[in-house]
Amino acid sequence: QKEVEQNSGPLSVPEGAIASLNCTYSDRGSQSFFWYRQYSGKSPELIMFIYSNGDKEDGRFTAQLNKASQYVSLLIRDSQPSDSATYLCAVAGGTSYGKLTFGQGTILTVHP
Amino acid sequence: ETGVTQSPTHLIKTRGQQVTLRCSSQSGHNTVSWYQQALGQGPQFIFQYYREEENGRGNFPPRFSGLQFPNYSSELNVNALELDDSALYLCASSLDSGGAGSPLHFGNGTRLTVT
């Protein structure tokens with residue numbers, strides 16, 4: 001079982017729709033959860049982090065965490081073509097003290 | 001306040017050669033972490049340096065080594081390069097070793113191609 005697993009892509013949504021990206025993790029002791037956006041040929045850019053169960057909103061982005069289910073998600077409202085990128089879920093803490101464990105990424109395409 | 005800077009941006013090496021990648025940490029940050037990202041994969045943790053000492057290592061062979069200097073900048077050295085070492089190498093700095101995981105901000109990366 002992979003330590004961090006993301007929903008297989010690619011994911012394609014129309015402009016203005018909600019894009020939903022999902023991630024599960026295996027280390028129950030994980031404490032910190034991050035979403036990165038990566039454009040082709042560029043380095044990952046941090047867009048959200050969440051530490052507590054529930055929702056965290058920042059503009060058009062909402063991160064959701066459910067530690068009991070070992071599940072974290074990212075919702076992007078009013079998706080724009082500029083949101084087209086690979087989204088990486090990363091987890092830290094527990095047995096991975098001091099390092100991030102990344103999923104394989106989900107490619108999102110927002111079409112006009 | 002400057003962010004994390006990496007050099008060079010691109011590098012082409014031949015199998016068996018050695019390479020050194022450099023990272024300047026963000027001002028005030030004392031911890032540097034290195035990651036390898038192969039094409040189509042998520043980044044993989046190589047190691048972390050905290051106050052000039054290695055502080056955690058991922059599943060990478062000893063030919064991957066590093067240094068951190070008193071100004072907290074860092075080097076990643078890879079000996080006996082293999083074709084599979086071709087990847088984007090990412091550096092991130094943070095204040096302290098990150099505990100459960102302080103948000104990491106990456107530099108622009110070094111794209112290494114081994115032929």
Side-chain angles (χ1 to χ4, degrees), chain A residues 2-10 21 23-52 56 58 61 63 65 67 72 85-107, chain B residues 3-7 9-10 21 23 26 29-51 53-60 66 68 87-113:
Chain A
K2 293 182 181 178
E3 294 181 67
V4 179
E5 196 150 2
Q6 298 185 232
N7 52 327
S8 59
L21 302 157
C23 174
T24 58
Y25 58 94
S26 60
D27 186 350
R28 188 169 285 279
S30 299
Q31 299 176 30
S32 309
F33 307 86
F34 306 89
W35 284 98
Y36 287 83
R37 177 177 63 198
Q38 186 173 28
Y39 293 113
S40 181
K42 302 295 186 182
S43 66
E45 172 193 9
L46 179 69
I47 54 172
M48 290 287 290
F49 59 92
I50 185 167
Y51 299 146
S52 304
K56 180 181 178 182
D58 184 1
F61 299 98
L65 175 62
K67 290 186 177 180
V72 58
T86 297
Y87 288 80
L88 296 161
C89 171
V91 173
T95 59
S96 64
Y97 182 91
K99 73 172 187 180
L100 297 183
T101 302
F102 284 83
Q104 77 277 20
T106 300
I107 298 172
Chain B
V4 177
T5 57
Q6 293 186 243
S7 62
T9 54
H10 294 86
L21 311 181
C23 173
Q26 184 173 330
H29 286 182
N30 55 15
T31 304
V32 172
S33 304
W34 286 93
Y35 289 77
Q36 179 198 65
Q37 186 178 24
L39 198 61
Q41 302 295 317
Q44 299 290 313
F45 175 74
I46 303 175
F47 43 54
Q48 181 184 81
Y49 277 83
Y50 171 61
R51 295 186 175 181
E53 297 287 331
E54 187 178 290
N55 179 47
R57 187 180 183 93
N59 189 26
F60 281 81
Q68 188 178 31
L88 179 66
Y89 287 84
L90 298 163
C91 170
S93 70
S94 57
L95 180 60
D96 295 328
S97 59
S102 300
L104 288 185
H105 296 271
F106 291 99
N108 289 331
T110 294
R111 173 74 63 187
L112 172 65
T113 302

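Side chains are part of it too, since the values below use all heavy atoms of this structure and drop only hydrogens, waters and symmetry mates. Order of the sequence lines sets the chain letters (A, B, ...), proteins ahead of strands, with each chain counted from 1. Here the structure is a predicted model, which means the values were calculated and not measured.
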For Phe49(A), all residues meeting ring pair (Phe, Tyr, Trp, His ring centres under 6.0 Å), sequence neighbours excluded: Tyr51(A)
Heavy-atom closest pair, residues Lys42(A) and Leu88(B): O-CD2, 4.1 Å
Region of Gln6(A) that comes under 4.5 Å of a non-hydrogen atom in chain B: neither
Atom pair CD/OG1 of Gln37(B) and Thr86(A) - distance to nearest 0.5 Å: 8.5 Å
Phe106(B) and Phe102(A) aromatic ring geometry - parallel, tilted or perpendicular at 30°/60° bounds: tilted
Student check: side-chain heavy atoms of Tyr35(B) and Leu100(A) closer than 4.5 Å: yes
Rounded distance (nearest 0.5 Å) linking atom OH of Tyr36(A) with atom CG of Leu90(B): 10.0 Å
Options Pro43(B), Ala92(B), Gly58(B), Gly109(B), ranked by heavy-atom pairs under 4.5 Å with chain A, top entry: Pro43(B)
For Arg111(B), all residues meeting salt bridge (Lys or Arg N to Asp or Glu O under 4.0 Å), sequence neighbours excluded: none
